Amino acid sequence: MKVLVPVKRVIDYNVKVRVKADQSGVDLANVKMSMNPFDEIAVEQAIRLKEAGQAEEIIVVSIGVTKSQETLRNALAMGADRAILVEATDNVENDIEPLAVAKILKAIIDEEQPGLVLVGKQAIDNDMNATGQMLSALMGWPQATFASKVEIEGDKAKVTREVDGGLQVISVNMPCVMTVDLRLNEPRYASLPNIMKAKKKPMETKTPADYGVDVSPRLTIEKVEEPPARKAGVIVGSVEELVEKLKTEAGVL
Amino acid sequence: MAVLLLAEHDNTSLNDATAKTVTAAQAMGGDIHILCAGSDCGGVAEQAAKLDGVTKVLCAKDDAYGHDMAEPLAALIVGLAGDYDHIVAPATTNGKNIMPRVAALLDAMVISDISAVHGPDTFERPIYAGNAMATVKSSDAKKVITVRGASFDAAGEGGSASVEDVAAAANPGLSEWVEDKVVESDRPELTSAKRIISGGRGMGSKENFEIIEKVADKLGAAVGASRAAVDSGYAPNDYQVGQTGKVVAPELYIAVGISGAIQHLAGMKDSKVIVAINKDEEAPIFQVADYGLVADLFDALPKLEAAL
C-alpha cells in the first residue's frame, strides 16, 4: 500500500504572530517557517506503518511556494520515500484554500492510487480544519478525523477519535482519509545521515495547471486585526478577599 | 431564502451550542430551519422548535444518524441544501467533522469557527490560534459555516416552530460506529459549564488534581486543564482548554497553576470573569485575569474550598 501525506509549510509554532499595520494579513517576511506540527504527526504515523510492514511507499506532497521544498526535504529526512511539490503561488502570503488543495490532492490520488491518506487535522495558520474532510468528500471515501489511535486490519481501519466529551471508536473502509490529532504519536527528529540521504530522494515539481485545478480563493480577506485585548484586573491579597470580591463585585458566586 | 442549521444533540437533549448557533444564524438573514438528525430525535426536535427565531424544524430519524457519522449526515444535508443559502452548524467536533465534507460536496469553501457575522456573506474568524482575527467575504453561492459557541449568546426559548419529518438519505455505507468512550461524570460538560476551574503544570501530579476536583464540586464547576497538564499526564485529554482543546466562555474561569501560554488563552479569554492563582507573579495569566492571587496553590486551594 502507498500512503500519501500532504504537508504544509507554516509559520513556526514558536514564533510570535504579528499582524501587519495595513491589516492585510500576518507578517510572514523573514520569520521562521516549519512543517505544520499536525502534519509532522501524520508523516510519523506513515513511517510507523511502513516500519510495521503495513505500507510500502510514503509519498509526501506540499502545495504552496517554491520554498515548500524545504518542508518536503524535512519529511524525506524523517523517512518518506519521495516528494511532489506543487508550486501554486510565488507569494508566501497567498494561502491556498483547503478546497483547492483537496482538488489537487484528488488529481494526485487518481495518478498514484494510494491506499491511505494521512494528514494533520488542521494547519496552525488558517486554523480551518478542513482539508482532510474535503478530500475524502471529493474522493467519495470515508473520513476518520481527529485520530488518536489507528489500527489497520485488512480492508478496514479501526480509528479512535478525539471528540467532545471523550473518545469515539469507528471502523472505516479502506482506502480512506485520516486526519491526525496531537496525541497519536511523537514525531521523530531527522538524523544527520538521513538529512544527507534525503537530498538524493526524488522530488517532482508540478503546478496546479498540470492537474487542471483553479486555485483562486473563494474567500477574500477584507482585513486582519489584532484580537481585542483584555485589560488586566486587580491583585487580591488573600483567598478571603478573592471570595468576597467574586460575591459582591463580580457577582459570580 | 433561508438558513439550514444542523442541531447538536445526543438523541435525548439539545446541546446549548445549537441555541448559540441560532443567534449567529439570525444575523445572516432569512428563515431558520433546524435539522435534527438522529436515531430517535423526536424529543430533541420539540426542544429545537422552542428556540426563538426558528421557523421550522426538520426531523430525520434513522439509525445511520445515531452516532454523528460524517458520511451519512453529509449526504442528508447535501440532499436538503437546494433550498438554502446558508448551511451552518456549531463548531463542535461533530460540526468540524461534518461541515467541510458538506462544503466540498457543494463545491464551496467552508468557513470554520466564525466569531462574528458582519453580513450575509462576510464573517469574522480567529486565525493563528486566536492571535489574529480575519474578516472574510465568501463568493460561494452557498455558505457552509461552523459557529464558535463561545462568541454568541444562546437564543431564548419562546418560540413554537412546526416540526416536519424528512426522509433519510441513502447511507453511503463507508463507515461504522464501534463505541463511545465517554467519561461519566456528575460535573457539567466543559463547553456548556457556567463555572470552570482549570489546573496547569503547577499542579505537579495526577493525584494533586483531586484538590481541584474538590473545589469544582463545591462550585458546581467543570474541571479543565492546560495542554501542559494534559501532556504531563496530570489530566485526561478531554479536559484540555485551549486552541488545540476546547474553547470555553463560562461566567467564571479559575486558572490554577497555569502560566497563560497563548495557546491556553485562545481557549478561555472570552470568559466573563477570569481568576488566576499562581505563585509566579510574572506569569502572563495575570495580564488577562480580572482577579489575581499570587500564592502557592497547595495553600490557596484548601482555603478556597473551605471558604465556598
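Predicted model only: the values in this text are computed from it and were never measured. Naming: A, B, ... by sequence-line order, numbering from 1 per chain.
Atoms OG1 and NZ, on A/Thr145 and B/Lys96 in that order, are 11.0 Å from each other to the nearest 0.5 Å. Interatomic distance, B/Leu174 CG to A/Ser136 OG, rounded to the nearest 0.5 Å: 9.0 Å. How far CD1 of B/Ile127 is from CG of A/Asp127: 8.0 Å, rounded to the nearest 0.5 Å.
At a 4.5 Å heavy-atom cutoff, the contact between A/Val252 and chain B is made by backbone and side-chain atoms alike. Of the two parts of B/Thr122, only the side chain, counted from C-beta on, holds a non-hydrogen atom closer than 4.5 Å to a non-hydrogen atom of chain A. Contacts of A/Ser238 with chain B are made by backbone atoms alone, with heavy-atom separations under 4.5 Å and no side-chain atom involved. With a threshold of 4.5 angstrom between heavy atoms, A/Lys121 approaches chain B through side-chain atoms but not through N, CA, C or O. In this structure, the portions of B/Thr92 lying under 4.5 Å from any heavy atom of chain A include both its backbone and its side chain. Contact annotation for B/Glu176: both backbone and side-chain heavy atoms come within less than 4.5 Å of a heavy atom of chain A. For A/Arg161, the part lying near chain B is the side chain, with the backbone staying farther off; criterion is any non-hydrogen pair under 4.5 Å. Within the 4.5 angstrom heavy-atom criterion, no atom of B/Val102 approaches chain A. Looking at B/His67, both its backbone and its side chain come within 4.5 Å of chain A, counting heavy atoms on both sides. Of the atoms belonging to A/Val163, heavy atoms from both backbone and side chain fall under 4.5 Å from chain B. Of the atoms belonging to A/Glu241, not a single heavy atom falls under 4.5 Å from chain B. For a residue to count as touching a neighbouring chain, one of its non-hydrogen atoms must lie under 4.5 Å from one of that chain's; by this rule A/Ala102 does not touch chain B. For B/Asp113, no part lies under 4.5 angstrom from a heavy atom of chain A. When heavy atoms are compared at a cutoff of 4.5 Å, A/Ile235 approaches chain B by way of both its backbone and its side chain. Within the 4.5 angstrom heavy-atom criterion, only backbone atoms of A/Ile124 (N, CA, C, O) approach chain B.
In this structure the side chain of B/Asp107 reaches within 4.5 angstrom of the side chain of A/Lys103, judged on heavy atoms. Side-chain contact check for A/Glu162 versus B/Gln240: every heavy-atom pair is 4.5 Å or farther apart. At least one side-chain heavy atom of B/Leu219 sits under 4.5 Å from a side-chain heavy atom of A/Leu253.
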For residues 279-290 of chain B, which side-chain donor-acceptor pairs fall under 3.5 Å, sequence neighbours excluded?
residue: B/Asp280; atom: OD1; partner: B/Glu282; partner atom: N; Å: 2.9
residue: B/Asp290; atom: OD2; partner: A/Arg230; partner atom: NH2; Å: 2.8
residue: B/Asp290; atom: OD2; partner: B/Ile274; partner atom: N; Å: 2.7

Show me the side-chain donor-acceptor pairs of residues 298-308 of chain B shorter than 3.5 Å, one per line, residues at least two apart or across chains.
residue: B/Asp299; atom: OD2; partner: B/Lys303; partner atom: NZ; Å: 3.4

| request: Could you go through the side chain to side chain donor-acceptor pair (under 3.5 Å) check for B/Gln263 and A/Tyr13 one step at a time? | output: CA-CA 10 Å; B/Gln263 108 87 27; A/Tyr13 74 102; over 6 Å; no

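Evaluation of the side-chain hydrogen bond (donor to acceptor under 3.5 Å, both in side chains) rule for B/Glu179 yields no partner, not counting sequence neighbours.
Formation of a donor-acceptor pair under 3.5 Å by the B/Thr93 side chain with backbone atoms of A/Asp164 is found in this model. A donor-acceptor contact shorter than 3.5 Å links the side chain of A/Gln143 to the backbone of B/Asn97.
Of residues 21-32 of chain A, those residues lying under 4.5 Å from chain B by any heavy-atom pair are A/Val26, A/Leu28.
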